[in-house]
Amino acid sequence: MDTVKLGILGAGKIASVMAATVKALNASGDKSVKIGAVGSRQYDKALSFIQNNELEDCRPCAGYEELCADPKISLIYVATPHNFHREHALLAIKHGKHVLVEKPFTVSYNEAQELFKAAEEKKVLITEAIWTRYQPMRQMIAAELSSGIIGQPLMIHANLSYPISAKERIAKPELAGGALLDLGVYALNFAVMFFGMPSSLEAFCHKNASGVDMQETITLSWKDGRMASLQSSALVVGNRRGVIEGTKGYMEIDNINNPERLRIYDGQYQLLKTVERPPQLTGFEYELRECCECIRKGALECPSMPHDETLAIEGLMDSARAQMGISFK
């Protein structure tokens with residue numbers, strides 16, 4: 001099996017998680033992917049990243065152009081702030097690289113569409129690195145719903161909130177900040193994964209002095225009567241819980257940001273079943289494995305997060321921002 005050489009574009013916190021993931025895979029005996037280079041705007045930062053993460057046989061690159069031009073690199077992981085995703089993904093595509101773009105994929109539907117078109121023309125894979133889409137717990141939750149154990153599912157509640165409003169990338173509109181793109185995207189994906197695309201959306205928010213959404217409530221509805229109530233906040237500590245309610249019972253999912261366990265209750269509020277998350281390295285390994293497998297097969301999108309699903313979520317976020325009066329321009 002050919003090894004996929006990964007280039008990490010950006011040297012921040014999320015990039016360190018990907019580095020740890022690849023190291024853990026390699027330590028487990030999986031050599032199907034290795035980190036070949038790290039790119040940062042400053043050479044010293046790329047070098048420090050490699051040293052701090054103890055990456056072997058990894059080259060620091062002074063700038064993203066140098067990284068994307070490296071002929072040994074076949075896959076680029078874009079780990080820069082939201083507002084740069086389009087620019088950096090396009091750079092990787094221009095050099096014929098496959099691309100794994102950290103969530104949110106882009107800051108708008110139109111940007112996402114542009115990336116998919118560019119990748120299709122270059123015949124390279126591009127996919128969104130929203131880890132919950134690729135994790136086994138997604139299929140485990142879906143299987144319990146399909147079993148009918150809670151009857152007909154009709155209502156979803158989901159919350160993801162952390163007090164992160166002081167972070168520059170959250171607070172500033174020029175960095176495409178706000179709770180929606182950083183946190184609300186998980187709540188939206190949670191609802192869409194299990195109920196499909198809604199027929200309507202209503203959104204309300206509280207903004208900071210710069211006009212960026214700090215917390216919001218989004219209500220989704222479906223033509224068959226199903227509904228979802230979603231909350232995200234950059235101001236408070238939330239319970240991170242997802243709840244799916246049905247005609248015969250309900251289920252609770254701990255931590256929709258990286259589901260840890262599923263508890264199922266009957267109509268008398270008695271616990272019927274608990275499903276624990278399978279052991280994981282970091283949780284990023286699933287998206288990385290699927291991405292690399294698709295590259296080997298010559299596929300241009302990942303089945304766990306197909307392009308039309310990314311576009312659908314981007315469209316929902318566009319609609320929510322329009323209703324809330326949020327603009328990044």
Side-chain angles (χ1 to χ4, degrees), residues 12-14 80-86 102-112 128 130-132 155-195 197-222 226-245 252-259 310-329:
K13 184 178 179 180
I14 199 76
T80 45
H82 308 157
N83 58 307
F84 293 117
H85 286 184
R86 170 190 170 275
E102 190 49 57
K103 65 83 201 164
F105 187 69
T106 56
V107 301
S108 71
Y109 180 97
N110 288 340
E111 285 191 1
E128 182 177 8
I130 180 159
W131 57 341
T132 52
M155 179 70 80
I156 283 179
H157 307 273
N159 175 286
L160 190 63
S161 301
Y162 298 100
I164 54 175
S165 60
K167 293 181 180 290
E168 189 176 52
R169 65 178 180 83
I170 298 295
K172 291 188 174 183
E174 61 267 30
L175 295 180
L180 177 62
L181 290 184
D182 205 71
L183 305 172
V185 63
Y186 283 110
L188 283 169
N189 271 279
F190 183 84
V192 171
M193 278 194 291
F194 303 117
F195 274 16
M197 273 298 290
S199 55
S200 69
L201 174 151
E202 292 187 8
F204 310 89
C205 80
H206 164 72
K207 303 175 189 177
N208 67 5
S210 299
V212 174
D213 57 298
M214 287 292 98
Q215 57 183 10
E216 57 247 329
T217 292
I218 295 175
T219 302
L220 306 177
S221 64
W222 285 258
R226 290 174 298 161
M227 299 187 73
S229 176
L230 315 175
Q231 289 79 40
S232 57
S233 175
L235 300 174
V236 303
V237 178
N239 60 27
R240 306 185 303 176
R241 187 163 295 168
V243 181
I244 306 176
E245 298 169 343
E252 295 179 339
I253 296 91
D254 290 341
N255 189 9
I256 64 167
N257 188 36
N258 183 16
T310 289
L311 286 171
I313 295 295
E314 291 285 355
L316 289 175
M317 292 194 295
D318 279 2
S319 177
R321 283 201 312 276
Q323 291 184 33
M324 297 186 299
I326 304 292
S327 175
F328 300 136
K329 303 298 182 181

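What you are looking at is a predicted structure, and each value in this text was computed from that prediction instead of being measured.
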(request) Grab the two heavy atoms, one from Ala176 and one from Leu181, that are nearest each other, plus how far apart they are. (result) O-CD1, 3.6 Å
(request) Give a yes or no on this: more than 12 heavy atoms of other residues, nucleotides or ligands lie within 6.0 Å of atom CD of Glu174. (result) yes
(message) Can you confirm whether the side chains of Gln231 and Ser161 place a donor and an acceptor under 3.5 Å from each other?
(response) no
(message) Checking Glu111 against His85: is there a side-chain donor and acceptor pair closer than 3.5 Å?
(response) no
(request) Would you check if the side chain of Glu245 reaches a backbone N or O of Met155 as a donor-acceptor pair within less than 3.5 Å? (result) no
(message) With heavy-atom distances below 4.5 Å as the criterion, would you say the side chains of Ile130 and Thr310 are in contact?
(response) no
(request) Could you check if a side-chain atom of Leu230 sits within less than 4.5 angstrom of a side-chain atom of Leu188, using non-hydrogen atoms only? (result) yes
(message) When you compare the side chain of Met227 with that of Thr219, does any pair of heavy atoms fall below 4.5 Å?
(response) yes
(request) Using modelled atom types only, decide if a donor and an acceptor are shared between the side chain of Glu252 and the backbone of Arg241 within a distance under 3.5 Å. (result) no
(message) Ile218 vs Leu180, test: side chain to side chain contact (heavy atoms under 4.5 Å, CB included). Steps then yes/no.
(response) CA-CA 10 Å; Ile218 295 175; Leu180 177 62; 3.8 Å; yes
(request) Flag the pair Tyr186 / Phe190 as yes when their ring centroid distance falls below 6.0 Å, and as no otherwise. (result) no
(message) To the nearest 0.5 Å, what is the distance between CE on Met324 and OG1 on Thr217?
(response) 10.0 Å
(message) Assess the residue pair Ile156 and Phe195 against the criterion (side chain to side chain contact (heavy atoms under 4.5 Å, CB included)); give the C-alpha distance rounded to whole Å, side-chain angles, the decisive distance to 0.1 Å, and a yes or no.
(response) CA-CA 9 Å; Ile156 283 179; Phe195 274 16; 3.7 Å; yes
(request) Look only at the side chain of Ser199 and the backbone of Ser221, and say whether a donor-acceptor pair between them is shorter than 3.5 Å. (result) yes
(request) Flag the pair Arg321 and Asp213 as a salt bridge only when some basic side-chain nitrogen lies within less than 4.0 angstrom of an acidic carboxylate oxygen. (result) no
(request) List the atom of Leu316, the atom of Pro198, and the distance in Å for their closest heavy-atom pair. (result) CD2-CG, 3.9 Å
(message) Closer than 3.5 angstrom, by distance alone: can the side chain of Lys207 be matched with the main-chain N or O of Met214 as a donor-acceptor pair?
(response) no
(message) Using every non-hydrogen atom in the two residues, find where Ala234 and Ala179 come nearest and quote the distance to one decimal.
(response) N-CB, 4.0 Å
(request) Hey, could you give me the NZ/CD1 distance between Lys103 and Ile313, rounded to the nearest 0.5 Å? (result) 13.0 Å
(request) Hey, could you give me the NZ/NZ distance between Lys167 and Lys13, rounded to the nearest 0.5 Å? (result) 5.5 Å
(request) Would you check if the side chain of Asn257 reaches a backbone N or O of Arg240 as a donor-acceptor pair within less than 3.5 Å? (result) no
(request) Calculate, to the nearest 0.5 Å, the distance between atoms CE and CG belonging to Met197 and Leu311 respectively. (result) 10.0 Å
(message) Let me confirm one number: the OG1-CD distance from Thr106 to Glu314, rounded to the nearest 0.5 Å.
(response) 3.5 Å
(message) Could you check whether any side-chain heavy atom of Ile326 comes within less than 4.5 Å of a side-chain heavy atom of Cys205, counting everything from C-beta outward?
(response) yes
(message) Do Leu201 and Gln323 have side chains that approach each other closer than 4.5 Å (heavy atoms only, starting at C-beta)?
(response) yes
(message) Tell me whether Ser210 contacts the main-chain N or O of Val212 through its side chain, where contact means a donor paired with an acceptor under 3.5 Å.
(response) no
(message) Ignoring hydrogens, what is the shortest heavy-atom contact between Asn159 and Gly238? Give both atom names and the distance.
(response) OD1-CA, 3.5 Å
(message) Can you tell me how far apart CD1 (Ile253) and CD1 (Ile244) are? Round to the nearest 0.5 Å.
(response) 4.5 Å
(request) Would you indicate whether the side-chain heavy atoms of Pro259 and Thr132 approach each other to under 4.5 Å? (result) yes
